[in-house]
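Beneath this line is the structure, given in structure tokens, with notes to follow.
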2 protein chains.
Amino acid sequence: MDLQVQNLRYGGAMTRALTRKGAATRARIVAGAAAEIRERGVDEVRLEDVMAHTGTSKGQLFHYFPDGKEELLLAVAQHEADQVLTDQEPMLSNLTSWPAWQAWRDRLIERYLAQGVKCPLNGLLGQTGRRAPGAQAIVTGLMWRWQEAIAVGIRHMQSAGDIAPDVDADRASAALLAGIQGGVLLLLSTGRIDHLEAALDLTIDSLRAGGDSPSRA
Amino acid sequence: MDLQVQNLRYGGAMTRALTRKGAATRARIVAGAAAEIRERGVDEVRLEDVMAHTGTSKGQLFHYFPDGKEELLLAVAQHEADQVLTDQEPMLSNLTSWPAWQAWRDRLIERYLAQGVKCPLNGLLGQTGRRAPGAQAIVTGLMWRWQEAIAVGIRHMQSAGDIAPDVDADRASAALLAGIQGGVLLLLSTGRIDHLEAALDLTIDSLRAGGDSPSRA
DNA sequence: CCAAAAATGGACCTGCAAGTCCAAAACCTG
DNA sequence: CAGGTTTTGGACTTGCAGGTCCATTTTTGG
């Protein structure tokens, strides 16, 4: 029945019977839409733009995304969310020494500096987030994975004696992630990278110094 | 010529000749639109919704906002931006002791906890931000005022000897603001207030402890 | 009380972008 | 190659939200 089938499941229903060619087209649409959205913002992108940019027709769009724009945006969101973490590798998974933390920090700065004002997820959160219930889940999942990766790094440093053992890794990683997100947000709105730098450096320095003074429960 | 006139200027052109009644109607539209947007999100709100919610007609909308939706959204953004800082008073302008910082922190938590998922500015930034050039300026201005208020608080604490003098107030306030923004963003996407709490508490604690170890230039 | 200006109501227009439909081509399997 | 399935192209429909327009009412200063 199914020959070269690639089941790509997202929300509830699964897509079936995708030919190799079909899968390629589908991927091309997602990638093209993602690029277009990064460039112009979510609500500035019409389906027609995606068609033009990817060399596809309306029939194809609705063939691969029967629920239309919403489903496409969901796929794009997933695509972009995965990209965010991938872009931080292998640093993010190797926070095992202070130079390694520094390298990760540098990668983040470099990446967002290059990206500039084009943040796909902020837009997708704001706009897809309310419409599609699934987009919320995608972003939440990304944040959770991100924070957990940081927490793993902190715990590793603790086990090596480089971070005080009384630091709450979960709270510290939550704070650091918040600083990153806010830094990116401020980069988006003000165009300056200062906040991201300051948040990263000060929070990491605080971990280095003595970390979480448990003055609060 | 002009009797009871209230000139409300925003971007370039100024609105002229506003009767008392007119000003009231205009204010009612802005407030109603803001409420509607907070409730449903920017792109879910149609002009018709605003009309229904404020008891106005299309003629009125375009009478007070000749440039249509864009101009209205700009006015709403300004309205909401002002509100953000107002909601933090008088705490934000009185960061003169550690209990005062704590009170400010508590107010922030309380406020955003109550507000929950309804963040007007995030949506307005994402959607109006790209369209209208002015919206970007509004948000930037808000962030700048916010950060400056925090910096003033830090400097005050330094002059009182409660924060180490080698702390860079600008960098520290930038980091704290980033933590707040990220915390709110994460509240929006995950529904949990943990990140905001962690960012606030850890950053303030770090200021309390010894602050900015100037290991980096 | 009058004339000018502002405020209001609501019918109407218009463009556009999402979504529908179907017929033709390409493709796979046996 | 035959028959079914997937893929593709593009014309057509549709709904709707933003914006225009003007006629009517209200307000205002003198």
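Keep in mind the model is a prediction, meaning the values are calculated, not measured. A note on names: the letters A, B, ... follow the listed sequences, proteins ahead of strands, and every chain is numbered from 1. Any value given below was found using the heavy atoms of this structure, including those in side chains, with hydrogens, waters and symmetry copies removed.
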Out of C:dA18, D:dT28, C:dT8, whichever nucleotide has its closest atom nearest the side chain of A:Leu47: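 Comparing C:dA18, D:dT28, C:dT8 against the side chain of A:Leu47, the answer is C:dA18.
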Minimum-distance pair of heavy atoms, taken over all atoms of [X] and [Y]:
X	Y	answer
A:Gln181	B:Gly182	CB-CA, 3.9 Å
A:Asp87	A:Arg111	OD2-NH1, 2.7 Å
B:Trp101	B:Leu95	NE1-O, 3.3 Å
B:Leu202	A:Ala175	CD1-CB, 3.7 Å

Residues that B:Asp170 engages under side-chain contact (heavy atoms from CB on, under 4.5 Å), provided they are two or more places apart: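 Testing B:Asp170 for side-chain contact (heavy atoms from CB on, under 4.5 Å), a comparison that skips the adjacent residues, returns B:Ala151, B:Arg155, B:Asp168.
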Consider only side-chain N and O atoms of [X] and [Y], and report whether a donor and an acceptor are under 3.5 Å apart.
X	Y	value
A:His195	B:Gln147	yes
B:Gln60	B:Ser57	yes
B:Thr140	B:Gln136	no

Atom-pair distance ([atom1] on [X]; [atom2] on [N]), nearest Å:
X	N	atom1	atom2	result
A:Glu48	C:dC16	CD	P	10 Å
A:Lys21	C:dC28	NZ	P	8 Å
A:Asp49	C:dC16	CG	C1'	12 Å
A:Phe65	D:dT7	CZ	C1'	14 Å
A:Leu61	C:dA17	CG	P	14 Å
B:Glu70	D:dG19	CD	P	8 Å
A:His63	D:dG9	NE2	P	12 Å
A:Leu18	C:dA26	CG	P	20 Å

May I ask you to verify if any side-chain N or O of [X] is less than 4.0 angstrom from the OP1 or OP2 atom of [N]?
X	N	answer
A:Thr19	C:dC27	no
B:Tyr64	C:dA6	no
B:Thr56	C:dT8	no

If we ignore hydrogens and angles and just use 3.5 Å, is the side chain of B:Ser93 paired with the main-chain N or O of B:Glu89 as donor and acceptor?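 Such a contact is absent between B:Ser93 side chain and B:Glu89 backbone.
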Return the angle between end axes of the helix from C:dC1-D:dG30 to C:dG30-D:dC1, with five pairs used per end and rounding to 10°.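 Computed angle between terminal axes is 30°.
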Could you run down the sub-3.5 Å N/O contacts of the protein with nucleotides 10-16 of chain D?
residue: D:dG10; atom: O6; partner: A:Gly59; partner atom: N; Å: 3.2

